[in-house]
Amino acid sequence: QVQLVESGGGLVQAGGSLRLSCATSGRPFASNTVGWFRQAPGKEREFVAAIKWLGSTYYTDSVKGRFTISRDNAKNTVYLQMNSLKPEDTAVYYCAAGRSGTYAYADDYDYWGQGTQVTVSS
């Protein structure tokens with residue numbers, strides 16, 4: 001059983017920064033990949049970033065250069081550092097874990113957190 005808990009969302013001005021956290025628990029072998037997705041009202045859930053067991057990272061083009069995914073193994077926590085935030089980044093952000101070797105689609109993941117709201121105002 002893998003459990004994920006997101007935190008760190010909030011309201012920020014455009015150009016500001018937030019760091020999201022995803023605290024994980026459960027059997028380590030069950031999850032090869034931890035990813036971040038986001039979903040705005042009326043839109044499909046969108047891949048944001050992912051990190052694999054050995055540390056390889058991946059980003060969607062719209063956040064590359066602004067967002068950084070990282071991991072603290074001692075704390076069993078994955079982070080998403082978000083800089084230079086834009087209003088279009090406003091969404092509910094979800095942490096997900098999966099055993100699949102692929103990472104860019106929601107169906108690649110088996111476990112999901114409850115989401116944390118990020119709102120960027122202009």
Side-chain angles (χ1 to χ4, degrees):
Q1 180 80 22
V2 174
Q3 298 179 67
L4 308 173
V5 179
E6 303 101 329
S7 62
L11 173 64
V12 297
Q13 293 288 118
S17 298
L18 284 173
R19 188 178 73 166
L20 305 184
S21 298
C22 175
T24 68
S25 63
R27 296 177 177 179
F29 73 85
S31 299
N32 183 61
T33 308
V34 176
W36 287 97
F37 286 75
R38 64 188 182 186
Q39 188 166 23
K43 297 182 180 179
E44 297 295 317
R45 191 163 296 191
E46 175 190 24
F47 170 74
V48 177
I51 186 166
K52 288 189 170 289
W53 178 246
L54 294 179
S56 298
T57 59
Y58 309 89
Y59 301 91
T60 191
D61 286 343
S62 64
V63 308
K64 190 174 183 179
R66 299 189 297 124
F67 292 9
T68 303
I69 189 169
S70 62
R71 180 182 63 218
D72 186 333
N73 291 332
K75 297 181 179 179
N76 296 314
T77 300
V78 173
Y79 302 97
L80 185 68
Q81 178 67 46
M82 305 187 295
N83 298 325
S84 301
L85 283 162
K86 305 174 181 179
E88 50 263 46
D89 295 317
T90 295
V92 176
Y93 282 70
Y94 297 91
C95 179
R99 192 175 296 181
S100 175
T102 54
Y103 56 84
Y105 298 96
D107 287 348
D108 295 328
Y109 297 85
D110 303 303
Y111 305 97
W112 293 83
Q114 83 288 349
T116 186
Q117 176 71 48
V118 171
T119 303
V120 184
S121 64
S122 59

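Just so it is clear, the values below take in all heavy atoms, side chains as well, and ignore hydrogens, waters and symmetry mates.
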Handout entry: L20 and Y94, any side-chain heavy atoms less than 4.5 Å apart
Key = no
Problem - Hydrophobic cluster membership, V118 vs V63, 4.5 Å side-chain cutoff - result: yes
Exercise for the section: Please identify each residue that fulfils ring-ring contact (aromatic ring centres under 6.0 Å, His included) with Y58, with sequence neighbours left out. Expected result: Y103
Practice task
Determine, using the 4.5 Å side-chain heavy-atom cutoff (strictly less than), whether L4 and V92 are members of one ILVMFWY cluster.
Solution key: no
Handout entry: Side chain to side chain, Y93 and E6, heavy atoms closer than 4.5 Å
Key = no
Practice task
Could you grab the distance from atom OG of S122 to atom CG of L85, nearest 0.5 Å is fine?
Solution key: 13.0 Å
Problem - Atom pair CG/OG1 of D107 and T102 - distance to nearest 0.5 Å - result: 9.5 Å
Exercise for the section: Report yes if the side chains of T33 and D108 come closer than 4.5 Å at any heavy-atom pair, otherwise no. Expected result: no
Exercise for the section: Could you tell me which non-hydrogen atom of P87 sits nearest to which non-hydrogen atom of A14, and how far apart they are? Expected result: CD-CB, 4.1 Å
Problem - Exercise: identify the closest heavy-atom pair between A50 and Y109 - result: CB-OH, 3.7 Å
Handout entry: For the student: nearest non-hydrogen atoms of Q81 and S17, plus distance
Key = NE2-CB, 4.0 Å
Practice task
Compare all side-chain heavy atoms of W36 with those of C95 and state whether any distance is below 4.5 angstrom.
Solution key: yes
Handout entry: Smallest separation among heavy atoms of L80 and A49, with atom names
Key = CD1-CB, 4.1 Å
Exercise for the section: State the OG-OH distance between S25 and Y111, to the nearest 0.5 angstrom. Expected result: 11.0 Å
Problem - Under 3.5 Å donor-acceptor, S100 side chain and G98 backbone - result: no
Handout entry: Rounded distance (nearest 0.5 Å) linking atom CG of N76 with atom OG1 of T24
Key = 5.0 Å
Exercise for the section: Using side-chain contact (heavy atoms from CB on, under 4.5 Å) as the criterion, list what pairs up with E88, not counting sequence neighbours. Expected result: K86
Problem - Exercise: identify the closest heavy-atom pair between L18 and G8 - result: CD2-O, 3.7 Å
Exercise for the section: Say whether, by atom type as modelled, one donor and one acceptor occur between the side chain of S21 and the main chain of S7 under 3.5 angstrom. Expected result: no
Exercise for the section: Look at the aromatic rings of F37 and F47 and report parallel, tilted or perpendicular, splitting at 30° and 60°. Expected result: perpendicular
Problem - Spatial distance of atom CD1 (I51) from atom OH (Y59) [nearest 0.5 Å] - result: 7.5 Å
Problem - Pairs involving residues 45-67, ordered by first then second residue, that meet salt bridge (Lys or Arg N to Asp or Glu O under 4.0 Å) (sequence neighbours left out) - result: R38-E46, R66-D89
Practice task
Find out whether Q117 and L11 are in side-chain contact, i.e. whether some heavy atom of one side chain is under 4.5 Å from a heavy atom of the other.
Solution key: no
